[in-house]
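In what follows, chains are A, B, ... by sequence order, proteins preceding strands, each numbered from 1.
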2 protein chains.
Amino acid sequence: MPFPQRVKIVEVSPRDGLQNEKAFVPTEVKIELVNRLSAAGFPNIEAASFVSPKWVPQMADGAEVMAGIHRKPGVVYSVLTPNMKGFDAALAAKVDEVVIFGAASEAFSQKNINCSIAESIARFEPVAEAAKAAGLRLRGSISTALGCPYQGEVPVSAVVDVAQRYLALGCDEIDVADTIGVGTPARVREVMRAVTAKVDPSRVAGHFHDTYGQAVANILAALETGIGIFHTSVAGLGGCPYAKGATGNVATEDVLYMLRGMGIETGIDFDAVVDIGQWISGHLDRKSASRAGNAVAAGRAG
Amino acid sequence: MPFPQRVKIVEVSPRDGLQNEKAFVPTEVKIELVNRLSAAGFPNIEAASFVSPKWVPQMADGAEVMAGIHRKPGVVYSVLTPNMKGFDAALAAKVDEVVIFGAASEAFSQKNINCSIAESIARFEPVAEAAKAAGLRLRGSISTALGCPYQGEVPVSAVVDVAQRYLALGCDEIDVADTIGVGTPARVREVMRAVTAKVDPSRVAGHFHDTYGQAVANILAALETGIGIFHTSVAGLGGCPYAKGATGNVATEDVLYMLRGMGIETGIDFDAVVDIGQWISGHLDRKSASRAGNAVAAGRAG
């Protein structure tokens, strides 16, 4: 299969990238991050999470972030909404897209939210209905799709099953997420082929963590199956709660470098993204986890 | 094309990984590194460089390293030999394979060794003849095959031309080396397809640096063209002299993680390699650049 000529990058750093930061990132920094990302050309930004601040204190200021950002026309601003309370807040904040999220691993579902996969998806029904009624985009994220920290192997059929349930709920887009970064290219192809046999490939996204250094190769493998939507995070922001000190989300700069080199359009300004990655890393007082970002920055410094 | 079922990993950390270290790495550490690598199952180890100590002071103890290591039966120990002086020393050290190295970029050749590509290869003729006469394996490395820090783009035809010259010199194996890590998968395929149209794929190796985070994806792309030999370096040892502070060679652990996940055999003990990567990083007083290595080590630590 030929590669897609154009890829949509969903930038997740404001949410997935920051949510595990221990020190609270000031609201104005989050706002500046989102504004810089939209200015750089990202078509879709995961801006916040409307979850309980007890679960994720870092995301407690989601409404303030949404209220404070410049809303660039055409950009889709997404937030996570686990329940109706979150949805109502998201609606009030005038988001463009709400995201529901369940696991493909029974063990992960039980351990994380204390219910089965089927139960977790049933809980999303009112959110999905309300999103459709409000005319919002609805995205469904399938976590642990390539492996689970508790049960290890996750059957391909379980991923396809969750994808079909999301489709039945009316999801516009479905994310196949390697939450712990354990996937390798052959498995990525297998899972993506199975999912796209049931869901139009134009509605399927790949969300890969780089915990084991596989994410860029996994994106290449997914591209080869016709997937054209990927989630990335500037500077590779976002750690792995299952392996302290390990790498998190795949770095946007590394993915853009590959896509640019392969002549695949994204509409995103690579140099501006390098700047954003260096800026936010400086703010968080750490070295960027993006290899391309660091190499370009080093080259500029001479 | 189906993936190769078995891949040969050439471990280059003792040479390419260490050669740019500023502080001299004690000879006994180099010896222990080589011995640990052979014990872990690497079939081919680039153990030293017999170049002038004026050029590369870190490699001044190549003869001592070769004399001090345990020679594991079946393992091929390789060293770089730019000229007859180096070759004579390598022969005296009883190496198994000598490596000659030229660029595919005219600008790089002129700037680095002050002669044209054709002249540089002509200079290797006596080394190649002597290697063949002594019954040693001969490997030819094509540097800047995917891009050059001075001229930028390197024509595919220039890479094929150097490969054919190496073949004419009697090289048993030819390395396509992305010295500065700028290659992306589509270009890797293009170059590998062009080279393997002239050289049997079983004799072609991929040597990728991870400077821009592309190396694992580039290895996947090369595997898809039938390449089954790759150079790697534990802990990603080896920086990039053209971008200070940037990543160097692709980390062995990350590559083994991918190959294992894809069911491709290497004969190498992954867990032992994680140990070696953590040990040598500790010795050099830095964090390993291997994502898989760090994630596994973090998981072990709990």
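Between Y257(B) and V182(A), the shortest heavy-atom distance links the atoms OH-O, 3.0 Å. Heavy-atom minimum distance, Y212(A) versus R291(B): C-CB, 4.0 Å.
Most heavy-atom pairs under 4.5 Å with chain A, from the set M262(B), R300(B), R187(B), E253(B): that is M262(B). Taking chain B as the reference chain and counting heavy-atom pairs below 4.5 Å, the highest number among V296(A), V216(A), N218(A) is found for V216(A).
Taken to the nearest 0.5 Å, the OG1 atom of T184(A) stands 12.5 Å off from the CG atom of D254(B). Between Q214(B) atom CD and L220(A) atom CG the span is 9.5 Å, to the nearest 0.5 Å.
Neither the backbone nor the side chain of V250(A) comes within less than 4.5 Å of any heavy atom of chain B.
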